[in-house]
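Input: a single structure, listed below in structure tokens.
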Amino acid sequence: MTLSLKIEDNAPDPDDPDYVPPANFSKGRRASVSAEPLSMEDDITNDRVIHPKTDEQRKRLQVAVKEILIFKSLDQEQREYVLDAMFEKAVPAGEKVIELGDNGDFFYVVDSGKLDCYIKINGEEKKVLTYDNTGAFGELALMYNTPRAATIIATEECVLWALDRTTFRQLVLLTTMKKRELYEEFLNAIPLLQELESYERMNLADALVTTQYKAGETIIKQGDEADSFFIIEKGTCEVKIKDTFSSQHTNEEVKLTELERGQYFGELALIYKKPRAASVIASTDVSCAVLDIGAFERLLGPCVEIMQRNVSNYESKLTELFGEQLSIDDLRR
Ligand code: 1OR
């Protein structure tokens, strides 16, 4: 296997004038990354970390990492390499797995059990989230060479899978960092996503997949089952509905609106678990950042209320176009 880039690992050095403490980890010092090709055989295999596992452990690990976003961009061989290097760690209730301010040593994936995550705001510890038998943590300190940004404590007996810093940086860092940087500015500028913490927007970046559509291509079709949410990165799209519902029901396609960069579509069917209420067609060549339904539900929870509020805008547009009081549900009849 040939990896296209080489990572230089910089240990955190608090005396370094560039050193930034973890208060705002997203602005922390970035690891240096150079574009030298790296051959797996020559450079990595020598120090390859392998923790042998039973079939049962391997199966459990496969399940635990299935939805871990930062592993999704690994190819099959890189994935095997990472899974080989992970080892099982039993954690008793009450143990601090990670302590705020420490240096980063491992990245963790939750196999089973619950853990709470605390950050410090104005000197006070505040619980910000709970990992409940799923999820992963500890990537920030390894990615940005910053001290740990949060404390993670097991609230019950847990089983974790740990990945050492070197393997994490050799295989996971590059793809994840590139993706987070690629989407950072774009996502920061989307009003809908202002509800999210910057850490949550980073997780969103991990989950997005850029997909291209040709001018004229139908991206979603009215009446279809839904599995994705879209944010336009480039180009414009038309939203159209077939008039099977107004009192005239002409069966003709009517243009409802036009969408451009930074605008989103495809949310209604996911929120209300209904078929697509309208079709969206690329007016020009289009690139969309696409999120699957699982990631939509996990990552965009704080934005759902705003999206729901927007439904009344859709309905006023319908009424304006058809001259009668219509609801989104009428479109699905
Ligand atoms: P780490 O290596 O810094 C602590 O070690 C880990 O806690 C961190 O990586 C993340 O994986 C995880 N802010 C900072 N770290 C968080 C957060 C978080 N959530 C989980 N971790 N926030 C919570 C966002 C819902 C931001 C709060 C302002």
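Atoms within each ligand, like the ligands themselves, are counted from 1 in listed order. Computed from heavy atoms alone, side chains included, the values below leave out hydrogens, waters and symmetry copies. Fair warning: this is a prediction, and the values are worked out from it, not measured in the lab.
Close approach of ligand 1 to Ala141 (heavy-atom distance below 4.0 Å) involves ligand atoms 1 (P), 2 (O), 3 (O). Set against the non-hydrogen atoms of Ile98, the atoms of ligand 1 under 4.0 Å away are 4 (C), 5 (O). Numbered from 1 in the order shown, with element, the atoms of ligand 1 that lie under 4.0 Å from a heavy atom of Glu200 read 25 (C). Residue-ligand proximity, Glu197 to ligand 1, at heavy-atom distances under 4.0 Å covers atoms 28 (C). Near Val128, the atoms of ligand 1 lying under 4.0 angstrom from a non-hydrogen atom of the residue are 23 (C).
Residues Thr210 and Tyr183 bring a donor and an acceptor atom of their side chains to less than 3.5 Å of each other. Checking Ser287 against Gln212 by side-chain atom types alone, a donor-acceptor pair falls below 3.5 Å. Between the side chains of Asp292 and Ser228, no donor-acceptor pair is found at a separation under 3.5 Å.
Considering backbone and side-chain N/O of Tyr199, one or more are found under 3.5 Å from N/O of ligand 1. Below 3.5 Å of separation, one finds an N or O of Ala149 facing an N or O of ligand 1.
Glu56 pairs in a side-chain hydrogen bond (donor to acceptor under 3.5 Å, both in side chains) with only one of the listed residues (Lys59, Lys53, Arg60), which is Arg60. When Lys72, Lys178, Arg180 are each tested for a salt bridge (charged side-chain N to carboxylate O under 4.0 Å, His left out) with Asp206, only one passes: Arg180.
When hydrophobic side chains of Ile, Leu, Val, Met, Phe, Trp and Tyr are connected at separations under 4.5 Å, Ile98 ends up clustered with Phe87, Val91, Val97, Phe106, Tyr108, Val110, Leu115, Ile119, Ile121, Val128, Leu129, Tyr131, Phe137, Ile152, Leu160.
Under 4.0 angstrom from ligand 1, the non-hydrogen atoms of Glu139 come from both its backbone and its side chain. At a heavy-atom distance under 4.0 Å, atoms from both the backbone and the side chain of Phe137 approach ligand 1. Heavy atoms of Ile152 found under 4.0 angstrom from ligand 1 belong exclusively to the side chain. Contacts with ligand 1 closer than 4.0 Å are made by side-chain heavy atoms of Leu129 only, the backbone lying farther away. With a 4.0 Å heavy-atom cut-off, ligand 1 is reached by the backbone of Ala150 and by its side chain too. Heavy atoms from both the backbone and the side chain of Arg148 come within less than 4.0 Å of ligand 1.
Sorted by first and then second residue, the pairs that involve residues 214-234 and meet ring pair (Phe, Tyr, Trp, His ring centres under 6.0 Å), not counting sequence neighbours, are Phe229-Tyr264, Phe229-Phe296, Phe230-Phe265.
In summary, Asp105 and Arg148 engage in a salt bridge, as defined by a charged side-chain N under 4.0 Å from a carboxylate O. The pair Lys240-Glu252 does not count as a salt bridge, with every side-chain nitrogen at least 4.0 angstrom from each carboxylate oxygen.
Taking a 4.0 Å cut-off on heavy atoms, Tyr131 registers as neighbouring ligand 1. Heavy-atom distances between Gly104 and ligand 1 stay at or above 4.0 Å for every pair.
Side chain of Lys179 to main chain of Ile70: no donor-acceptor pair is present (N/O by atom type, distance under 3.5 Å, no hydrogens or angles).
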